[in-house]
Amino acid sequence: MEKYSSGFVLFCSFELLLGLIAFSACVAAEFKRTKLKDVKLDEKLCYLPGSPAFGLGITALVCLSIVQILGTAYVIGNKLNSREKKIHDARETRKQTISIILLVLSWISYAFAIVLLGGASSMNKKQAYGRGWLDGDCYIVKSGVFVGTSVLVLVTFQLILGSIILMTRRINFG
């Protein structure tokens, strides 16, 4: 069994904590989001009260962004560090290639999660009469959007953590 440094374990624990906060905030936002019964109409104008889902969505967005940026910095830093050591082992190159592929996939998943989180969160901000989300209209987030985003948060977190561990570990591919 491979031993990891205490700094690496601390780093991964910090990433795990932020990932769990992002996931939990998404799930909580699903239950706290603005519902159709909260919409108030005044002829053609509508009003939505603010919802805790806005703050929860922003919290998830910030935590996920920190996880993604720190994880990427770690993987890239490790890649550059191994290049300085001039490691040209075929297994090491394959491991790094897979790690970079996981990193790219994590950025794709991250992009989808951020778009959904940003849009869904902003729809849960207070919308005064005539000052709706787009063109003065009121929109509410459909049921399941925040839960779907929480799944994307988990996928993003697993991909970035897999990339970090793969880049750090000494693996035999056979």
TODO: Start with the C-alpha distance between S65 and V62, add both sets of side-chain angles, then the distance that settles side chain to side chain contact (heavy atoms under 4.5 Å, CB included), and finish with yes or no.
DONE: CA-CA 5 Å; S65 295; V62 168; 5.7 Å; no
TODO: Mind running side chain to side chain contact (heavy atoms under 4.5 Å, CB included) on S13 and V9 for me, showing each step along the way?
DONE: CA-CA 6 Å; S13 298; V9 172; 4.1 Å; yes
Task: Working for side chain to side chain contact (heavy atoms under 4.5 Å, CB included), residues T168 and Y74 - done: CA-CA 9 Å; T168 305; Y74 187 89; 3.2 Å; yes
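Both I164 and V104 are part of a single hydrophobic cluster, where members link through side-chain heavy atoms under 4.5 Å apart. Linking Ile, Leu, Val, Met, Phe, Trp and Tyr whenever their side-chain heavy atoms come within less than 4.5 Å puts I165 and F11 in one cluster. Grouping the Ile, Leu, Val, Met, Phe, Trp and Tyr side chains by contacts below 4.5 angstrom, directly or via other members, places F8 with I76. Residues L117 and I69 do not share a hydrophobic cluster, defined by chaining ILVMFWY side chains whose heavy atoms lie under 4.5 Å apart. In the hydrophobic clustering of this structure, L152 groups with I108; members are Ile, Leu, Val, Met, Phe, Trp, Tyr whose side-chain heavy atoms approach within less than 4.5 Å, directly or through other members.
Considering every non-hydrogen atom in both W107 and T72, the closest pair reads NE1-OG1, 2.9 Å. In this structure, N124 and A120 approach most closely via the heavy-atom pair ND2-O, 2.7 Å. Across every non-hydrogen atom of C26 and A60, the tightest pair is SG-CB, 3.8 Å. Between I66 and E15, the shortest heavy-atom contact is O-OE2, 4.1 Å. When all heavy atoms are compared, the tightest approach of S143 to R33 is CB-NH2, 3.2 Å.
In this structure, C63 SG and F157 CZ are separated by 12.0 Å, a value rounded to the nearest 0.5 Å. Atoms CD and CG, on Q68 and L159 in that order, are 9.0 Å from each other to the nearest 0.5 Å. In this structure, T149 OG1 and L154 CG are separated by 11.5 Å, a value rounded to the nearest 0.5 Å. In this structure, OH on Y110 lies 10.5 Å from CD1 on I160, to the nearest 0.5 angstrom. Interatomic distance, CD1 of I114 versus CG of L64, reported as 5.0 Å (0.5 Å rounding). Between atom CG of residue L166 and atom CG of residue L161 there is a gap of 11.0 Å, rounded to the nearest 0.5 Å.
For the pair S163 (side chain) and S99 (backbone), a donor-acceptor distance under 3.5 Å is present. Checking side-chain atoms of S121 against main-chain N and O of G118 turns up no donor-acceptor pair under 3.5 Å. Looking only at distances, a side-chain donor or acceptor of E30 sits under 3.5 Å from a matching main-chain atom of G144. Proximity of a side-chain donor or acceptor of S109 to a complementary backbone N or O of L105 within less than 3.5 Å is not detected.
Counting heavy atoms from C-beta on, the side chains of I21 and S24 never come closer than 4.5 Å.
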